[in-house]
Amino acid sequence: MTVTERLTEGVRTALAAAGLPVADDCAWEVPRQAEHGDYATNVAMTLARAAKRPPRQIADALAKNFPAMPEVARVEVAGPGFLNVFLAPAWTAGALHAILAAGAAYGQSASHARQRTRLEFVSANPTGPLVIVNARAAAVGDSLARLLRSQGATVTTEFYVNDAGTQFEALARSFEARVRQEFGESAALPENGYPGEYLADLAREYRAAGGPRDVPGDERARLEHFGRWAVERMVEQQRRTLAAYGVDFDVWSSEQRDVRDRGLAEKAVQELAARGLTYEQDGALWFRSTAVEGAGDDQDRVLRRRTGELSYFAVDIAFHHYVKFAGVDHVIDLLGPDHHGHVPRMRAAMQALGHPPEAFEALIIQLVTLLREGQPVRMSKRRGEFVLMEELLEEVGRDAARFTFLTRRHDSPLEFDLAVATRQSSDNPVYYVQYAHARIRSIHRQVAEQGINVPAWRDVDLTPLAATEEQALIKRLLEYPNLVAGAARAHEPHRVAYGLTELAGLFHPYYKTHRVIQDDRALMLARLALCTAVGQVIANGLALLGVSAPETM
């Protein structure tokens with residue numbers, strides 16, 4: 001049980017003793033100023049209407065009836081009715097025992113144990129290599145999956161391959177042109193094609209593998225041959241790049257195989273029609289998206305074009321309804337910044353097909369601006385108009401890339417400075433956090449080298465940890481489970497990165513001013529326990545971000 005859960009029990013006991021209504025929820029925050037306590041709640045204000053009393057009067061009653069608890073030194077009432085709680089220093093120090101005992105499991109919970117989620121992210125078209133915004137989406141999506149799993153959720157991660165439709169055809173035509181060029185023919189790229197040099201590289205690979213210049217059959221057969229060959233190689237390249245980034249998907253779904261070949265899009269259209277949510281106009285079939293209350297779409301959407309071809313939206317509806325929601329309660333899509341309009345229409349379709357409004361969720365991943373020493377740069381050697389993910393990894397490495405992408409909310413534009421990401425200084429947030437862990441491991445190596453006997457942590461007296469800086473560090477560690485739970489609940493992994501940076505910011509000055517290995521054995525062991533707990537929490541948090549916790553730096 002976390003410290004805030006124990007404090008909530010104290011509030012409920014006090015409410016009952018004072019004859020006040022029960023609080024359904026008791027929100028706690030860490031005050032910015034130490035004089036306002038270690039935790040504060042506005043529960044008195046939220047109960048004022050139900051209790052028919054002024055908030056300040058309720059807060060006074062809470063303070064008067066708050067039960068004696070080993071965690072609490074005192075409670076105070078402040079302002080219009082805040083209840084401020086001050087933790088007992090002896091209990092705070094002793095709480096390190098629980099952190100050390102939990103080890104790698106510290107911060108985990110079963111709060112999402114009944115949640116079954118399918119999480120789709122990256123899903124870059126197989127028409128080109130992964131780029132920098134894909135790298136940001138991969139960092140956010142993979143970390144979100146780790147966060148949800150740490151809270152007990154069952155998560156299936158998914159990459160959706162758009163291997164059908166107009167973009168697939170454009171890729172097939174572009175690749176065929178590059179193959180013919182490779183064989184010495186004069187072949188122009190199609191008007192809507194992909195001019196990147198990577199397709200010329202792929203054409204050389206195709207020829208070296210013995211691929212034929214001429215494919216028997218009609219145009220459709222040719223496009224299918226060249227398109228499938230190109231998609232297979234591009235997806236394999238995407239897999240390798242993502243694996244190097246520490247991202248492995250549970251499921252790789254195919255638009256062609258999993259939706260179109262099974263006739264699911266037509267089935268979805270028929271189901272919507274049976275619910276009275278389609279109509280014909282101008283030779284096309286439309287979905288009454290605006291008729292779905294609460295979805296927020298501002299116009300109806302085409303399901304079947306006047307040519308008789310089903311729209312991509314119809315295919316996507318079928319994919320979500322029949323494939324994504326099979327065996328799960330919750331679907332989360334991470335989408336690029338140009339997909340804002342797709343969210344309300346998909347929400348409307350899912351609600352129309354019987355899914356609860358909260359079952360479908362979409363997070364928009366905003367763009368990344370690449371800088372070097374504050375100046376915009378372009379890195380790509382193969383095409384200067386986009387930045388390849390693999391080039392980013394070559395320059396800054398997996399850890400720096402992932403952590404940097406997680407220093408901002410996913411829906412905020414991000415500036416990624418290559419010089420900062422590779423700098424070994426406090427300016428570089430990932431270095432700053434990892435260096436704290438490495439420093440702690442260095443202390444342990446020194447302890448071993450000096451032959452210092454360290455008993456089991458449960459046998460170490462922690463009461464010497466009375467210094468203000470020590471109490472501040474422990475309180476930060478105690479807040480870690482709430483930090484992780486809040487990040488999972490809000491689907492915001494950047495909160496973990498921010499929390500680790502703050503923890504490192506407390507530890508580094510402490511390390512410089514408080515000697516751990518010293519003649520006072522009791523103090524030495526207590527400080528070693530504190531440092532060990534800090535290192536454990538940093539390692540736990542970095543694992544949630546998919547970032548390593550190095551032993552040395």
Side-chain angles (χ1 to χ4, degrees), residues 112 114-121 123 125 153-168 251 253-336 338-364 491:
H112 289 55
R114 296 184 179 181
Q115 186 182 101
R116 299 175 301 168
T117 297
R118 191 157 176 139
L119 175 60
E120 182 201 337
F121 55 100
S123 295
N125 284 325
T154 300
V155 182
T156 301
T157 57
E158 177 174 41
F159 189 114
Y160 182 47
V161 181
N162 296 122
D163 54 354
T166 55
Q167 290 180 322
F168 171 78
V251 177
S253 300
S254 158
E255 178 184 340
Q256 185 65 48
R257 180 191 67 238
D258 297 314
V259 185
R260 291 181 183 265
D261 289 350
R262 296 169 61 191
L264 296 183
E266 189 61 52
K267 185 178 177 182
V269 169
Q270 291 172 3
E271 190 169 340
L272 288 170
R275 294 171 181 255
L277 288 167
T278 64
Y279 64 92
E280 290 192 20
Q281 182 177 306
D282 300 328
L285 184 69
W286 297 72
F287 165 51
R288 297 182 188 276
S289 188
T290 54
V292 181
E293 189 175 345
D297 202 3
D298 58 0
Q299 63 186 66
D300 294 341
R301 305 293 175 176
V302 174
L303 295 172
R304 185 184 288 110
R305 300 186 180 93
R306 64 184 66 183
T307 60
E309 181 186 3
L310 289 170
S311 67
Y312 179 77
F313 179 49
V315 176
D316 213 21
I317 291 173
F319 176 54
H320 281 74
H321 181 49
Y322 298 113
V323 181
K324 279 176 171 282
F325 270 108
V328 304
D329 320 296
H330 191 207
V331 166
I332 306 174
D333 290 350
L334 270 60
L335 304 174
D338 55 343
H339 284 73
H340 278 280
H342 187 71
V343 178
R345 74 184 74 163
M346 185 55 65
R347 186 185 298 123
M350 292 303 98
Q351 288 180 223
L353 290 169
H355 300 286
E358 67 278 6
F360 170 75
E361 183 179 359
L363 307 179
I364 300 296
H491 298 163

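Excluded from the calculations below are hydrogen atoms, water molecules and symmetry mates; all remaining heavy atoms, backbone and side chain alike, are included. These numbers were taken from a predicted model, which means no experiment stands behind them.
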| Which word best sums up how the rings of His320 and Phe360 line up, parallel for under 30°, tilted for 30 to 60°, or perpendicular for over 60°? | perpendicular
Side chain to side chain donor-acceptor pair (under 3.5 Å) against [X], all qualifying residues, sequence neighbours excluded:
{"X": "Arg288", "answer": "none"}
{"X": "Ser123", "answer": "Glu120"}
{"X": "Arg116", "answer": "Asp329"}
{"X": "His112", "answer": "none"}

For [X] and [Y], work out which heavy atoms get closest and say how close.
{"X": "Arg305", "Y": "Val302", "result": "N-CG1, 4.0 Å"}
{"X": "Val259", "Y": "Ala318", "result": "CG1-CB, 4.0 Å"}
{"X": "Trp286", "Y": "Ala284", "result": "CD1-O, 3.4 Å"}

| query | What is the distance from atom CZ of Phe121 to atom CG of Leu335, rounded to the nearest 0.5 Å? | reply | 13.0 Å
| remark: When rounded to the nearest 0.5 Å, the distance separating OH of Tyr279 from CG of Leu272 is 13.0 Å
Is there a side-chain contact between [X] and [Y] in this structure, where contact means two heavy atoms from C-beta onward sitting under 4.5 Å apart?
{"X": "Ser289", "Y": "Gln299", "answer": "no"}
{"X": "Val331", "Y": "Phe325", "answer": "yes"}
{"X": "Val323", "Y": "Tyr160", "answer": "no"}
{"X": "Leu277", "Y": "Phe287", "answer": "yes"}

| Donor-acceptor pair, side chain of Asp163 and main chain of Gln256, under 3.5 angstrom | yes
| said: Taking Leu119's backbone N and O only, do any of them form a donor-acceptor pair with Thr117's side chain (distance below 3.5 Å, no angle check)? | reply: no
| query | Between Glu266 and Arg304, does a salt bridge (Lys or Arg N to Asp or Glu O under 4.0 Å) hold up when you go through it step by step? | reply | CA-CA 9 Å; Glu266 189 61 52; Arg304 185 184 288 110; 2.7 Å; yes
| field | Glu271/Lys267 ion pair, N-O < 4.0 Å | value | no
| request: Check the side chains of Asp297 and Thr290 for a donor-acceptor pair under 3.5 angstrom, ignoring hydrogens and angles. | output: no
| message | Show every salt bridge (charged side-chain N to carboxylate O under 4.0 Å, His left out) that has at least one partner inside residues 352-362, sequence neighbours left out. | response | none
For residues 342-357, which side-chain donor-acceptor pairs fall under 3.5 Å, sequence neighbours excluded?
| residue | atom | partner | partner atom | Å |
| --- | --- | --- | --- | --- |
| His342 | NE2 | Asp316 | OD2 | 2.8 |
| Arg345 | NE | Gly341 | O | 3.1 |
| Arg345 | NH2 | Gly341 | O | 3.4 |
| Arg347 | NH1 | Ala295 | O | 3.0 |
| Gln351 | NE2 | Glu293 | O | 3.4 |
| His355 | NE2 | His321 | ND1 | 2.9 |

